[in-house]
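Labels below follow one simple rule: chain letters A, B, ... track the order of the sequence lines, proteins then strands, and each chain is numbered from 1.
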2 protein chains.
Amino acid sequence: MQRIAVEDRRAALLAAAVRVIARGGMARASTRAIAAEAGMPTASFHYVFTSHAAMVEELVAAILAAQSVAVAGSVAEAGSLREFVGGALQGWLDRAAEDPEVEVALHEIVAWSRSSAELRRLAERVYDGYAGSIGAFVRAAEERFAVRWAVPREDVARFVLVITDGVAARWLVDRDDAAARRSLATGAGAVLGLVEA
Amino acid sequence: MQRIAVEDRRAALLAAAVRVIARGGMARASTRAIAAEAGMPTASFHYVFTSHAAMVEELVAAILAAQSVAVAGSVAEAGSLREFVGGALQGWLDRAAEDPEVEVALHEIVAWSRSSAELRRLAERVYDGYAGSIGAFVRAAEERFAVRWAVPREDVARFVLVITDGVAARWLVDRDDAAARRSLATGAGAVLGLVEA
DNA sequence: CGCGGAGTTGGACGCTCGTCCAACTCCCGG
DNA sequence: CCGGGAGTTGGACGAGCGTCCAACTCCGCG
């Protein structure tokens, strides 16, 4: 019965939601399970969020915002294009491996969003967020190292996302950090191969 | 009330399940929805399958068997390593694009299988199936074109799967066939780059 | 022609879900 | 010190879920 600021409840429920989703998938991420994880009665959920779907939308927005900040920081220092590309990909993996629940939750939400037509916009927003972050990274590489790509810039960004997505999908199943790191190193080499000689 | 052979019911229900899963995701693929899609009463579902989970397992096994047959056929004629690699990847995309529901359903099942610990073995089996098919393809390339890889054979196979998985994940969201084709062409070039000079 | 077992299915059981509201508690302005 | 609005929540509602079984129908064998 303790009184808690609505913003604090919101933050606690969002954090609890990430844990519940990562643990048992969207299928088990009910309002009851999330509220219990946060140590609140079920009814508190609907005092903070208008609906279960609205809470998922807020969660996605929060995760995407945090990720785009993190990516911007990881390209700060790099002496060569090789360091830049490799550092960005391995940096992405380091962050994902260090706090896997957020990564798992995001993939889970994207898969779950296919269950209805209006939810599908959510998945598109996630990929727009990804594309924006990676597009900024590709442009930064062009400016810092005077790179010209053998394919359109948009295809470079798309290929980078193919690699990170493919690695993440496999890692979600086998949790093999070392293999993910090797795949990412191979992928970094492939991206470097897209540079015009 | 018409009498139908159990095998025919089984096939009809599996086909209906693929359609329902592709249309609305695992979340909406209830026994009632699948039976209705197949034009049967709900109770027929449990006359054929012991449970909903058992039906999903049979579905996965059937899809994997069909896919491994298809992949084996696509590497039949190829004059060069470039044709071999490019043909296999584009061939995979052609089959997936021609009959997207099966591909969608399989990805949906893998995502859904994270909701419980014992189901997680299902996802592992799917990836074992993929790895087997792609491993055979990599070995065939070695024998037919006397290829030596710059990285272990297992990592080549893993990287190919990263590419197909990443392309599929993106295509599931934006359904952009042309972009998928370009990403796959870039990926084929990257695989060729793994050949020892 | 009749009977027994196989095939078939309507309906019910117990459960979880998202959502909501009436009732309770608490704090602050007067 | 007290009244009232804001904060809080137990419990209920209807819907959908997987599963099961008793009862019905039908066919082939004797």
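Listed by residue number, B:P41, B:A43, B:S44, B:Y47 are the residues of residues 35-47 of chain B with a heavy-atom contact under 4.0 Å to DNA chain C. Listed in residue order, the members of residues 104-114 of chain B having a heavy atom less than 4.0 Å from DNA chain C come to none. Listed in residue order, the members of residues 15-27 of chain B having a heavy atom less than 4.0 Å from DNA chain D come to none.
For residues 91-112 of chain A, the set of pairs meeting the salt bridge (charged side-chain N to carboxylate O under 4.0 Å, His left out) definition, not counting sequence neighbours, comprises A:D94-A:R181, A:E108-B:R114. Sorted by first then second residue, the side chain to side chain donor-acceptor pair (under 3.5 Å) pairs that include residues 23-34 of chain B, not counting sequence neighbours, are B:R23-B:E37. Screening residues 78-92 of chain A for salt bridge (charged side-chain N to carboxylate O under 4.0 Å, His left out), with sequence neighbours left out, gives no hits. Sorted by first and then second residue, the pairs that involve residues 122-131 of chain A and meet salt bridge (charged side-chain N to carboxylate O under 4.0 Å, His left out), not counting sequence neighbours, are A:E57-A:R125. Residue pairs that meet the salt bridge (charged side-chain N to carboxylate O under 4.0 Å, His left out) test with at least one member in residues 44-56 of chain A, sequence neighbours left out, do not exist here.
To the nearest angstrom, P of C:dC17 lies 16 Å from CZ of B:R28. Distance, A:D8 CG to D:dT8 C1': 16 Å, rounded to whole Å. Between B:L119 atom CG and D:dG18 atom C1' there is a gap of 14 Å when expressed in whole angstrom units. Atoms NE2 (B:H52) and P (D:dC20) sit 14 Å apart, rounded to a whole Å. Taking atom CG of B:L13 as the reference point, atom C1' of C:dT8 lies 13 Å away to the nearest angstrom.
Between B:R3 and C:dT9 there is no side-chain polar atom (N or O) within less than 4.0 angstrom of OP1 or OP2. OP1 or OP2 of D:dG18 sits under 4.0 Å from a side-chain N or O of B:T31. For the OP1/OP2 pair of D:dT9 and a distance below 4.0 Å, the side-chain nitrogens and oxygens of A:R9 include at least one atom meeting the criterion. For C:dT16, the OP1/OP2 oxygens have no side-chain nitrogen or oxygen of A:S30 closer than 4.0 Å.
Looking at residues two or more places apart in sequence or on another chain, you find a side chain to side chain contact (heavy atoms under 4.5 Å, CB included) between B:A54 and B:T50, B:S51. Remark: B:V162 pairs with A:V167, A:S183 by the side chain to side chain contact (heavy atoms under 4.5 Å, CB included) rule, at least two apart or across chains. With sequence neighbours left out, A:F45 forms a ring pair (Phe, Tyr, Trp, His ring centres under 6.0 Å) with A:F49. The ring pair (Phe, Tyr, Trp, His ring centres under 6.0 Å) check on A:Y127 picks up A:Y130, with sequence neighbours excluded.
Across all non-hydrogen atoms, the minimal contact from A:I34 to A:A29 is CD1-O, 3.8 Å.
The aromatic rings of A:F137 and A:F84 sit parallel to each other, their planes meeting at less than 30°, with 60° as the upper class boundary.
At a cut-off of 3.5 angstrom, the base of D:dG16 holds no donor-acceptor pair with the side chain of B:R32.
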